[in-house]
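Chain letters run A, B, ... following the sequence lines, proteins first, then strands; residues in each count from 1.
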Amino acid sequence: MNLLSDQSLRAYSPAACLQGIARVSLRLELMFLVRVVMVLVLTGLCISASWAAQTTPYKLDIGRGGQCVKDPQWMRKNHMHLLKHQRDETVHKGIRDDQISLKNCIECHASLKDDSVIARDDSFCVACHRYEAVKIDCFECHSGTRKSAWLLRNAK
Amino acid sequence: MNDIHNQRRSFLKTSLGVAAVAIAPGLLLFDVAHGKSEAVSAKVRWGMLIDTGNCADGCNDCVTACNKENGLSGGLSPTDSQWIRKIEIKDISAGRAVSLPMMCQHCEHPPCVDVCPTGASFKRADGIVLVDKHLCIGCRYCMMACPYKARSFVHEPLHDQNPDVPRGRGTVESCTLCVHRIDQGKQPACAEACPNKSILFGNLNDPTSEIAMKIRTVASTQVRSDLGLNPGIRYQGL
Ligand code: SF4
Ligand code: SF4
């Protein structure tokens, strides 16, 4: 019968079965290798990501810099909540002496070259928000200039 | 809510303390001389007594000082912001004319706050009427509601504002009684600038303050007192 010569029936012969097992174990070995490679690649990615978290992938002028509220990574994630909280405290209740006021942020983070957090592509607020594609309108009303410098410039 | 705020505040203060220690001496990276950390309270009601008898006809010093302090252009076109103006009023039958500064009267029952659809217009606990520009949508209802024509709308983009006085296009603004100066313990710029000391600024709620004592002894009026808004600005010699 031509059925016996059919390819699909060959697998049922004992010899073919042995061959099949060998092929399966080879495949398992390959898959194991692939997994090892993937784990290595992922670890590499994680390490480079954590390096990236310590620096920034773009050019950033942090001005005088320093840390007075929380560590940089925390601030990157949460500064907007602090600012929004403080803005209501200040506008509605007149509470003004906190270090989380926008003015105090600017005082330290404005560039030492032009006293601004918004003047150039690598200015403190601009560089990051441009990289993250987050448009802010704070500086349509608020001054982006270090207050001490503004006062000097506008002194009589 | 307040509890959470307070906790966060004290937590931040603690971490600040740590940061201040960690940074080298002489390198304290922040400026703490900004004002009080307590919320303003209704124990205070800021007000002014303006002596029209002393206010010189033709003098514009309070207006100039306000413009400089708050970064106003000083222009007089319908689209320029004016927070304070000098006006002349004349009793036609008697012929007596007086010159006086007119600005937001910081009403106790402000119609601008009543009509504001967003809650942007508000009265601070110490009686100062302000616009929270984060909330203002520029509808200008408050400008219509104010009987004293005290408010202005910002039509053009602004640049290089005073860091203490944020102002911007698309929002309504008016005299803030120089709230940023008051919170630092200073007087409003107009009161300080008046060469004739015609503007007396102080706490109406404190019976021993100069303004409260003067109001008790000399005749003073509130403009359009018939409206029952109880303005914090009073005029003497009207
Ligand atoms: S004077 Fe006008 S803007 Fe000022 S509080 Fe009264 S209603 Fe509001
Ligand atoms: S213009 Fe702004 S402050 Fe005035 S009523 Fe409208 S939202 Fe309120």
Asker: Is any side-chain heavy atom of A/Lys84 closer than 4.5 Å to a side-chain heavy atom of B/His134?
Answerer: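 A/Lys84 does not reach B/His134 side chain to side chain.
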Asker: Any chance you could measure B/Arg169, atom CZ, to A/Cys141, atom SG, to the nearest 0.5 Å?
Answerer: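 Between B/Arg169 CZ and A/Cys141 SG, I get 10.5 Å after rounding to 0.5 Å.
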Asker: Contact between B/Asp164 and A/Lys103 at the side-chain level, heavy atoms closer than 4.5 Å - yes or no?
Answerer: yes
Asker: What part of B/Leu135 gets closer than 4.5 Å to chain A, counting heavy atoms only: side chain, backbone, both or neither?
Answerer: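 The side chain, not the backbone.
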Asker: How about B/Phe153: does its CZ atom have over 12 heavy atoms from other parts shown lying under 6.0 Å from it?
Answerer: yes
Asker: Take A/Arg96 and B/Gln184, measure what side-chain contact (heavy atoms from CB on, under 4.5 Å) needs, and give me the verdict at the end.
Answerer: CA-CA 9 Å; A/Arg96 287 181 187 265; B/Gln184 290 174 53; 5.9 Å; no
Asker: Measure the spacing between NZ of A/Lys93 and CG of B/Asp126 and express it to the nearest 0.5 Å.
Answerer: 13.5 Å
Asker: Give a yes or no on whether A/Met80 atom CE has more than 12 heavy-atom contacts from other residues, nucleotides or ligands under 6.0 Å away.
Answerer: yes
Asker: Of all heavy-atom pairs between A/Arg153 and B/Asp160, which one has the smallest distance, and what is that distance?
Answerer: NH1-OD2, 3.0 Å
Asker: Quick check on the interface: out of B/Val179, B/Leu158, B/Asn162, who has the most heavy-atom pairs with chain A under 4.5 Å?
Answerer: B/Asn162
Asker: Do A/His92 and B/Leu130 have side-chain heavy atoms sitting under 4.5 Å apart?
Answerer: no
Asker: State whether A/Arg87 and B/Asp132 are salt-bridged, where the test is any N-O pair (Lys NZ or Arg NE/NH1/NH2 against Asp/Glu carboxylate O) under 4.0 Å.
Answerer: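 Here A/Arg87 does not pair with B/Asp132 in a salt bridge, since their nearest N and O are not under 4.0 Å apart.
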Asker: Kindly compute the distance separating OG1 (A/Thr145) from NE2 (B/His159), expressed to the nearest 0.5 Å.
Answerer: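 NE2 of B/His159 is found 12.0 Å from OG1 of A/Thr145.
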Asker: Between CG of B/Asp183 and CD1 of A/Ile95, what distance do you get to the nearest 0.5 Å?
Answerer: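 That separation rounds to 10.0 Å.
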Asker: Considering non-hydrogen atoms only, spot the tightest contact between B/Gln161 and A/Glu140 and give its length.
Answerer: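 Residues B/Gln161 and A/Glu140, closest heavy atoms: NE2-O, 3.1 Å.
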